A.B. asks: 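Below you will find the structure I want to go over with you.
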Amino acid sequence: MPELSDIRTRAVLPISTVIALTDLTARQIRYYEAQGLLHPLRTPGNHRMYSLKDVDDLVEIHSQLAAGFSLAELRDAQKQPKPKTKLSDEEVRAALRSELLNQGRLNPRGDSPTQGFGFRP
DNA sequence: CTTCTCACA
DNA sequence: TGTGAGTA
């Protein structure tokens with residue numbers, strides 16, 4: 001039984017399915033691969049097999065291209081580690097506590113918004 | 001029949 | 001990027 005986490009990365013889709021799912025042409029899909037943005041598996045007969053993640057990536061890639069990025073830029077940006085999008089619960093709590101403690105000083109109007117919270121940060 | 005690579009009036 | 005040729 002396949003792990004759920006593998007479903008997304010398992011290459012089981014022929015290019016015809018990817019075309020139906022993305023509305024991209026076979027030409028475009030193959031070209032993006034030639035530029036190093038995708039690495040679909042190949043069957044013994046040399047046919048490309050795509051995963052669901054590949055489909056997601058293709059959609060993202062073409063929207064980025066529409067936004068003005070070049071294939072080279074997307075390829076380079078793809079390599080580098082993601083600039084940490086998720087904060088740990090501890091980091092979120094620390095940020096919130098810091099924000100509450102500084103509201104008085106940061107408030108442009110200079111009020112005292114710390115009144116009436118019903119608890120102390 | 002579908003996909004692949006390569007080339008270009 | 002499109003498209004036709006000649007394969008696998």
Side-chain angles (χ1 to χ4, degrees):
Chain A
M1 185 89 74
E3 296 293 326
L4 271 60
S5 57
D6 289 348
I7 296 179
R8 184 182 257 352
T9 57
R10 298 181 67 173
V12 295
L13 315 174
I15 196 168
S16 57
T17 300
V18 177
I19 291 171
L21 259 31
T22 65
D23 284 323
L24 293 174
T25 65
R27 183 77 162 90
Q28 293 175 304
I29 296 170
R30 297 187 185 119
Y31 184 59
Y32 298 163
E33 177 189 348
Q35 299 310 302
L37 286 113
L38 285 182
H39 307 291
L41 265 38
R42 295 299 184 104
T43 66
N46 200 37
H47 285 194
R48 277 168 262 249
M49 294 299 278
Y50 301 84
S51 68
L52 292 173
K53 181 175 185 304
D54 289 328
V55 173
D56 283 347
D57 290 344
L58 282 168
V59 171
E60 177 61 23
I61 289 170
H62 113 267
S63 72
Q64 292 289 270
L65 289 175
F69 289 94
S70 69
L71 290 172
E73 292 175 318
L74 296 182
R75 174 163 46 65
D76 298 332
Q78 207 171 52
K79 288 275 179 178
Q80 283 147 9
K82 300 175 182 177
K84 181 174 288 187
T85 283
K86 293 182 179 178
L87 296 173
S88 66
D89 289 347
E90 290 65 39
E91 291 173 310
V92 172
R93 281 192 277 272
L96 176 57
R97 177 160 47 79
S98 174
E99 182 61 29
L100 290 172
L101 287 171
N102 287 303
Q103 275 189 12
R105 273 172 286 179
L106 297 178
N107 190 317
R109 287 159 50 195
D111 325 346
S112 300
T114 53
Q115 295 298 313
F117 269 79
F119 71 96
R120 287 175 301 187

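Small disclaimer: the values here were computed from a predicted structure and weren't measured. Below, chains carry the letters A, B, ... as their sequence lines are ordered, and counting in each starts from 1.
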A.B. asks: Could you spell out the base pairing of DNA chain C as a dot-bracket line? Use Watson-Crick and G-U wobble contacts where both distances are under 3.5 Å, [ ] for crossing pairs, | for partners on a different strand.
C.D. replies: .|||||.|
A.B. asks: Is A:M49 reachable from A:L21 through a run of hydrophobic residues whose side-chain heavy atoms are each under 4.5 Å from the next?
C.D. replies: no
A.B. asks: In whole Å, what is the span from the CD1 atom of A:I15 to the P atom of C:dA8?
C.D. replies: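 Going from A:I15 (CD1) to C:dA8 (P), I get 20 Å.
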A.B. asks: Does OP1 or OP2 of C:dT1 have a side-chain N or O of A:Y32 closer than 4.0 Å?
C.D. replies: yes
A.B. asks: Linking I/L/V/M/F/W/Y whenever any side-chain heavy atoms sit under 4.5 Å apart, do A:V12 and A:L38 land together?
C.D. replies: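 Yes, same cluster.
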A.B. asks: For A:Y50 and B:dT3, what is the distance between atoms OH and P respectively, to the nearest whole Å?
C.D. replies: 10 Å
A.B. asks: Strictly below 4.0 Å, heavy-atom distances to any atom of DNA chain B: list the hits from residues 33-49 of chain A, or just say none.
C.D. replies: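 Result for residues 33-49 of chain A: A:R42, A:N46, A:H47, A:R48, sorted by number.
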A.B. asks: Is a side-chain donor or acceptor of A:D54 paired with a backbone partner of A:S51 at a separation under 3.5 angstrom?
C.D. replies: yes
A.B. asks: Are A:F69 and A:Y31 connected in the hydrophobic side-chain network, where two residues link if heavy atoms are under 4.5 Å apart?
C.D. replies: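 In one cluster with A:F69: A:Y31, yes.
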A.B. asks: So, is A:T25 near the phosphate of C:dT1, with a side-chain N or O under 4.0 Å from OP1 or OP2?
C.D. replies: no
A.B. asks: Separation of A:Y31 atom OH from C:dT3 atom C1', in whole Å?
C.D. replies: 17 Å
A.B. asks: Find the distance between CD1 (A:I19) and CD (A:Q28) and round it off to the nearest 0.5 Å.
C.D. replies: 9.5 Å
A.B. asks: Quick one: is C:dT3 close enough that its OP1 or OP2 comes under 4.0 Å of any side-chain N or O from A:R27?
C.D. replies: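 No.
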A.B. asks: Between C1' on C:dT1 and CD1 on A:I29, what's the gap in Å once rounded to a whole number?
C.D. replies: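 Rounded to the whole Å, the gap is 13 Å.
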A.B. asks: Atom CG of A:L71 and atom CD of A:E73: how far apart are they, to the nearest 0.5 Å?
C.D. replies: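 So the gap between those two atoms works out to 9.5 Å.
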A.B. asks: Closer than 3.5 angstrom, by distance alone: can the side chain of A:S63 be matched with the main-chain N or O of A:E60 as a donor-acceptor pair?
C.D. replies: yes
A.B. asks: Nearest-Å distance, CG (A:L13) to P (B:dT3)?
C.D. replies: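 Distance check: A:L13 CG to B:dT3 P gives 12 Å.
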A.B. asks: Look only at the side chain of A:R48 and the backbone of A:I15, and say whether a donor-acceptor pair between them is shorter than 3.5 Å.
C.D. replies: no
A.B. asks: Provide, to the nearest angstrom, the distance between the CD atom belonging to A:Q28 and the P atom belonging to C:dG2.
C.D. replies: 5 Å
A.B. asks: Should the heavy atoms of other residues, nucleotides or ligands under 6.0 Å from CZ of A:R93 be counted, would the total exceed 12?
C.D. replies: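 It does: A:R93 CZ has more than 12 such atoms within range.
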